[in-house]
Number of protein chains: 2
Amino acid sequence: MKLLHHPDRKDIRLPSVLYALSDPVRLHMVAQIYNSGEEQACKCFDVPIAKSTLSQHARALREAGITHTRAQGTQRLLSLRTEDLNARFPGLLDTVMNAYRKDQQEANLRNDHPLEETQQG
Amino acid sequence: MKLLHHPDRKDIRLPSVLYALSDPVRLHMVAQIYNSGEEQACKCFDVPIAKSTLSQHARALREAGITHTRAQGTQRLLSLRTEDLNARFPGLLDTVMNAYRKDQQEANLRNDHPLEETQQG
DNA sequence: TCTATAGTTCGGTCATAAACGAACAATTGA
DNA sequence: TCAATTGTTCGTTTATGACCGAACTATAGA
């Protein structure tokens with residue numbers, strides 16, 4: 001299979017990281033890895049999009065330096081580059097994940113479900 | 001003059017904040033307000049773009065809930081909504097500003113100057 | 001070998017946003 | 001009142017990216 005490119009730690013840039021995290025789908029993916037505490041295969045992500053789109057999001061996270069992707073069989077397992085991110089931008093990942101948790105809670109209270117398709121006609 | 005709309009604290013959303021901060025120009029503007037410790041007029045921002053573009057960036061920051069804009073004479077003074085941001089997403093602003101400082105330092109070491117037009121032919 | 005599974009790549013559509021200059025609005029000060 | 005200053009709005013161009021389905025690749029297992 002093709003070699004997957006991961007940027008060096010020193011080449012991880014703040015605007016790119018923030019941009020990658022600014023998409024609700026990608027934020028959800030990162031939170032899922034973060035909360036599970038383990039690598040996640042693409043197929044496990046609980047997002048309502050086509051698999052080709054998911055694949056693109058996975059690539060965006062990898063190229064921003066947020067995730068590491070390794071192949072296992074037909075699967076691609078995504079993990080967070082926690083050490084690299086903490087070395088580069090101390091506390092950023094934890095802070096964003098805490099913020100995400102809060103944001104989701106508030107959204108739930110208001111019955112906002114940004115990642116699910118709205119079924120009510 | 002037209003009333004400037006500022007979102008309520010509760011309507012400040014994480015993806016929107018991260019998106020607003022993911023643009024190098026806006027990140028620079030926010031850092032300038034943050035570091036100066038006081039309101040900044042648009043004309044004071046040290047960014048190499050047309051004033052119409054700057055005005056749009058100011059609007060983007062305001063609508064994301066990051067800045068507050070008040071009119072004083074012909075000027076618009078931008079301040080950070082520090083309390084609202086900290087209430088909503090504790091530590092996020094400080095963490096991002098620290099990350100920005102680091103990112104800028106590393107860029108300077110490499111003679112990267114993302115906000116200046118490259119003059120070397 | 002054949003099939004199913006997991007993911008990538010490609011071609012296309014559509015929406016958003018970053019950039020500019022020109023024209024406009026509002027305020028200050030002469 | 002007139003000119004200068006400061007910023008906004010508008011129309012346009014251009015680039016990016018989110019999304020999909022179809023076709024493809026690669027691996028695992030029957």
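A note on names: the letters A, B, ... follow the listed sequences, proteins ahead of strands, and every chain is numbered from 1.
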Would you say [X] places a side-chain N or O within less than 4.0 Å of OP1 or OP2 belonging to [N]?
X        : N       : result
Ser55(A) : dT8(C)  : yes
Arg26(A) : dA18(D) : yes
Lys51(B) : dG7(D)  : no
Thr53(A) : dC20(D) : yes
His57(B) : dA17(C) : no

Proximal nucleotide (of [options]) relative to the [X] side chain:
X        : options                   : result
Gln75(A) : dC10(C), dG7(C), dA18(D)  : dG7(C)
Thr74(A) : dC19(D), dC10(D), dA26(D) : dA26(D)
Ile49(A) : dG7(D), dC19(D), dA6(C)   : dC19(D)

Rounding to 0.5 Å, atoms CD (Glu83(A)) and CZ (Arg81(A)) come to a distance of 11.0 Å
With distance as the sole criterion, do the side chain of Ser52(A) and the base of dG21(D) form a donor-acceptor contact below 3.5 Å?
->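 Checked by distance alone, the answer is yes.
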Q. What nucleic acid atoms does Ala60(B) come within less than 4.0 Å of, heavy atoms only: base, sugar-phosphate, or nothing?
A. nothing
Mind checking if Ala58(A) touches a base, just sugar-phosphate, or nothing, with heavy atoms under 4.0 Å? nothing
Integer-rounded Å distance: [N] [atom2] and [X] [atom1]:
X        : N       : atom1 : atom2 : result
Gln56(B) : dT16(C) : CD    : C1'   : 13 Å
Leu77(B) : dG7(D)  : CG    : P     : 8 Å
Arg76(B) : dA26(C) : CZ    : C1'   : 8 Å
Leu4(B)  : dA26(C) : CG    : P     : 13 Å
Leu78(B) : dT6(D)  : CG    : C1'   : 13 Å
Arg59(A) : dA6(C)  : CZ    : P     : 22 Å
Tyr19(B) : dG17(D) : OH    : P     : 9 Å

Could you check whether the rings of His68(A) and His6(A) sit parallel, tilted or perpendicular, using 30° and 60° as the cut-offs?
parallel
Note to self: Measuring only between side-chain heavy atoms, which start at C-beta, is His57(B) closer than 4.5 Å to Phe45(B)?
What the structure shows: no
